[in-house]
Amino acid sequence: MAAPTGQLASAGPSESVRARHARRFIVGIAAVAALGGALFGYDTGVISGALPFMEGHFGLTSLGEGIITSALLIGAAFGSLIGGRMSDALGRRNALLWAGAVFIGGALAVALAPDVPFMTGARFVLGLAVGSASVITPLYLSEIAPPHIRGRLVSFNSLMIVSGQLLAYLIDAFLAQWGAWRWMLGLAALPAVALFIGLFFLPDTPRWYISKGRQDDAARVLRRTLPAEDVPAELARIDHARSLEADARRGGWRQLRTPWVRRLLLVGIGLAAVQQITGVNAVVYFAPKILASTGLGTGASITATIAVGVISVLATALGMSLIDRVGRRPLLLTGLAGMTVSLALLGAVFHLPHSPAVSVLVLGLMVLYMAFMQGTLNTGVWLLLAEMFPLRVRGLAMGAAVFMMWLVNFAVALAFPLLLDAVGAGTTFWLFGVMCVLSLVFCQRYAPETKGLALEDLEHELRKAAGPAPATS
């Protein structure tokens, strides 16, 4: 059964109209759903500008900085598990609605926090929404997108994440002149309201509808995204994948014990860890602190961080344009090689005497590192996690992988300020460089290639590749 991987048909005027309507529908879905990615980016990036002012307000030590920064991340770890399970039980859209409501309440709570314990708790709650959105948004987009644009559409979520971070850096720089850190944190409530309202106008995904026996609803959505003649075949493909899974043991957690599924889960967890142990969020959360350690003032460091956000957006856009043409594995391997070189040079520069020239060189190498990271590894990992798991456990398995991602993120955010104090920035970045080398070996050995396959055909290929025993990549 051939996959509907071609462009929407345009044989006549009616098909041209259908194609235009399908494009508008998909663009509308991406615009609303990816607000979850923008909130993810804003809420993780905004702390970099707020933290220098919170240090003085709350009298924070390096450990205190790490705790407040990482509280959101440990919440996100649990939110990813909650989001994965909720998306399977309630639907992708309804789970995103829940996340949107928590985004609103969490943003207001952190903005009004009177002390460190309240701030830590509020950041944890906000993290539940961030973690849930980090699982549900790419899952939703991957399941509703036609195969020929799935890579670009899911990667659009990565673009929105880094765009949210850039927006946070811009707002931080603007509000820094007044030290208005509470406004920096609280403004996240505005896009959260837009997400919550917009979701009421979106359907759920065909794959979730079919998993609940709602074929008519699935067909209704597919007719809005595919040529009419491809809808019956796509319905049959999704239903066939579901029937294959019915032969396995019942229950989500028991499904994960199936050998080939377990192998995929372990690879997914490894990819999630790779994305974090290579140091990206040390730069995202602490860029002003890193730059200030070279002699720049607080205001100048916050403003200079905008360059990190700009290059992250541009690099992610480039990665989006390449990922369906080049493939997932080549981007991962190229990016990790570039990140290794960037971190080695960055670590060396920190051993030079402080000067304005060194500050500029540090910023330039941080920007180069982020260009490789955001354009390749970040884009590729999120897409692979949304593609590589079978339907019956997709939400659960992706939630488990992203749970590991957030746990490693938490560990890096908590440890980074302490490492700066203990061994210095140069040695810290060299340690991240070593992690890049190990990650390159892992991805060369285990990362799958998913380019161009419908999700159900991909499931069949990955099942064959796993086989009864461990297979080589």
Side-chain angles (χ1 to χ4, degrees), residues 4-5 7-8 18-42 83 87 91-97 99-100 103 130 132-167 190-209 218 220-227 234 312-325 374-375 378-387 394-395 398 450 454-455:
T5 56
Q7 297 288 343
L8 290 169
R18 177 185 290 274
R20 287 196 299 272
H21 288 168
R23 282 193 292 270
R24 290 194 197 104
F25 178 65
I26 292 168
V27 167
I29 284 173
V32 174
L35 278 172
L39 283 162
F40 170 176
Y42 187 92
S87 69
R92 298 6 177 174
R93 189 199 74 142
N94 288 336
L96 266 180
L97 271 172
F103 267 125
V130 171
S132 296
S134 71
V135 172
I136 303 164
T137 301
L139 186 62
Y140 182 93
L141 292 173
S142 73
E143 290 189 352
I144 209 161
H148 65 280
I149 62 167
R150 188 178 67 240
R152 292 193 298 278
L153 193 62
V154 177
S155 298
F156 180 64
N157 182 58
S158 298
L159 181 64
M160 291 300 288
I161 292 172
V162 294
S163 297
Q165 289 169 349
L166 174 57
L167 179 62
L190 296 180
V193 170
L195 172 66
F196 187 77
I197 294 173
L199 284 167
F200 283 101
F201 299 95
L202 300 187
D204 218 307
T205 72
R207 287 164 180 82
W208 185 79
Y209 282 135
R220 175 174 51 81
V221 177
L222 286 172
R223 281 193 291 270
R224 301 186 68 180
T225 61
L226 292 174
E234 184 69 1
S312 294
V313 171
L314 295 176
T316 302
L318 178 62
M320 285 176 59
S321 70
L322 294 175
I323 199 161
D324 279 328
R325 287 183 285 169
Q374 301 288 17
N378 189 50
T379 303
V381 167
W382 279 114
L383 179 56
L384 281 171
L385 293 182
E387 291 178 324
R394 188 167 293 143
M398 187 175 177
T450 59
L455 290 178

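Because the structure is predicted, anything quoted here is derived from the model rather than measured.
- Between L39 and P191, the closest heavy-atom pair is CD2-CG, 3.6 Å.
- Residues L139 and S87 meet the side-chain proximity criterion, which asks for heavy atoms closer than 4.5 Å.
- Separation of atoms CG (L383) and CG (N378) is listed at 11.0 Å; rounding is to 0.5 Å.
- Considering only residues two or more places apart in sequence or on other chains, R24 meets the salt bridge (charged side-chain N to carboxylate O under 4.0 Å, His left out) condition with none of them.
- Residue I136 comes nearest to A95 through the heavy atom pair CD1-CB, 3.4 Å, listed as atom of the first residue, atom of the second, then distance.
- Under the 3.5 Å distance criterion, the side-chain polar atoms of R92 are left unmatched by any main-chain donor or acceptor of D204.
- S312 pairs by the side-chain hydrogen bond (donor to acceptor under 3.5 Å, both in side chains) definition with nothing, not counting sequence neighbours.
- Atoms CG and CD1, on L166 and I161 in that order, are 14.0 Å from each other to the nearest 0.5 Å.
- Residue F196 comes nearest to G100 through the heavy atom pair CD1-C, 4.3 Å, listed as atom of the first residue, atom of the second, then distance.
- Using a 4.5 Å heavy-atom cutoff, the side chains of V32 and F201 are not in contact.
- Atom OH of residue Y209 and atom CG of residue L222 lie 11.0 Å apart, to the nearest 0.5 angstrom.
- Heavy atoms only, all atoms of each residue included: A218 and P206 are closest at CB-O, 3.6 Å.
- Atom CG of residue L202 and atom CG of residue L96 lie 9.0 Å apart, to the nearest 0.5 angstrom.
- Closest approach of A30 to F156, counting heavy atoms only: O-CE2, 3.6 Å.
- Taking CG of L35 as the start and CZ of F103 as the end, the distance is 10.0 Å to the nearest 0.5 Å.
- Closest heavy-atom contact between A133 and G36: CB-O, 4.0 Å.
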Item to check | Stepwise side chain to side chain contact (heavy atoms under 4.5 Å, CB included) test for I26 and T225 | outcome: CA-CA 7 Å; I26 292 168; T225 61; 4.1 Å; yes
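- Listed for the T137 side chain is no donor-acceptor partner under 3.5 Å among the backbone atoms of S134.
- A 4.5 Å side-chain heavy-atom check between I29 and L141 finds at least one atom pair inside the cut-off.
- For V27, the side-chain contact (heavy atoms from CB on, under 4.5 Å) test picks out no residue, with sequence neighbours left out.
- Between the CG atom in L199 and the OH atom in Y140 there is a gap of 7.5 Å [rounded to 0.5 Å].
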